[in-house]
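This report concerns only the one structure given below.
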Amino acid sequence: TPEKTLPAKGDVLVYADPAKNNAPVALADIKEGQVVFAFPKGKVNGTDVVKSGIARNQLIIAKFPEAQLKAPTDIKGTDQGIVVYSRQCMHLGCAVEVKAYPSKGLKEAAVCPCHGGVYDMTQGGRVADGPPPAGLPQLPIKVVGGQVVVQDFFQSLPYDITEAEFETQKK
Ligand code: FES
């Protein structure tokens, strides 16, 4: 079914909150220290579809001061400090929540309630703690005409990648 399609370039992020009728997420609602839950919406076979039918497409929109965003974040896939990740944990697929994780020095991390997986959203979703075998998938975006627009497929980092290793891999 079309709702189960993965995000594609050009999709617009819309509110996951049913009270907001899947309207495009307003930039004014994306603030540092808060998150917005979203789905991608785009054309499938010529028809506009909210792609809400798979867990991977439940998205977190967060915002950080740009100087805090470091490789291995896909810096090309961020705009105005806005980063987007899937909520689907790479361990066994629970939906992550966003909260502080002080023991790793993270003020705002993606934390899995099932087995304690923790991902650093300022570093490309790199695994900061727990059992996940790979990083939280980051969805590259750009702000276009006041909307958050998908630029590429999900990107997920290997478990134990370091910043330095990531820089090497890019070359
Ligand atoms: Fe997330 Fe196990 S499902 S840590």
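Just follow the structure's listing: the first ligand is 1, and inside any ligand the first atom is 1. Residues take their numbers from the sequence shown, with the count starting at 1.
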Note to self: For a side chain to side chain contact (heavy atoms under 4.5 Å, CB included) check, start with the C-alpha distance between Val35 and Ile61, then their side-chain angles and the critical distance, and finish with the verdict.
What the structure shows: CA-CA 6 Å; Val35 293; Ile61 307 176; over 6 Å; no
Note to self: Which residue is it: Gln151, Lys41, Lys51? I am looking for the one with a side-chain hydrogen bond (donor to acceptor under 3.5 Å, both in side chains) to Asp11.
What the structure shows: Lys51
Next item on the list: Report the residues that fulfil side chain to side chain donor-acceptor pair (under 3.5 Å) with Gln88, sequence neighbours left out, ordered by chain and then residue number.
Entry: Arg56
Check: So which pairs with a foot in residues 23-67 pass ring pair (Phe, Tyr, Trp, His ring centres under 6.0 Å), sequence neighbours left out?
Finding: none
Check: Which pairs with one or both residues in residues 79-123 pass ring pair (Phe, Tyr, Trp, His ring centres under 6.0 Å), sequence neighbours excluded?
Finding: His91-His115
Note to self: Tell me whether Cys114 and Cys89 have SG atoms closer together than 2.5 Å.
What the structure shows: no
Check: What protein N/O/S atoms are found closer than 2.8 Å to atom 1 (Fe) of ligand 1?
Finding: Cys89 SG, Cys112 SG
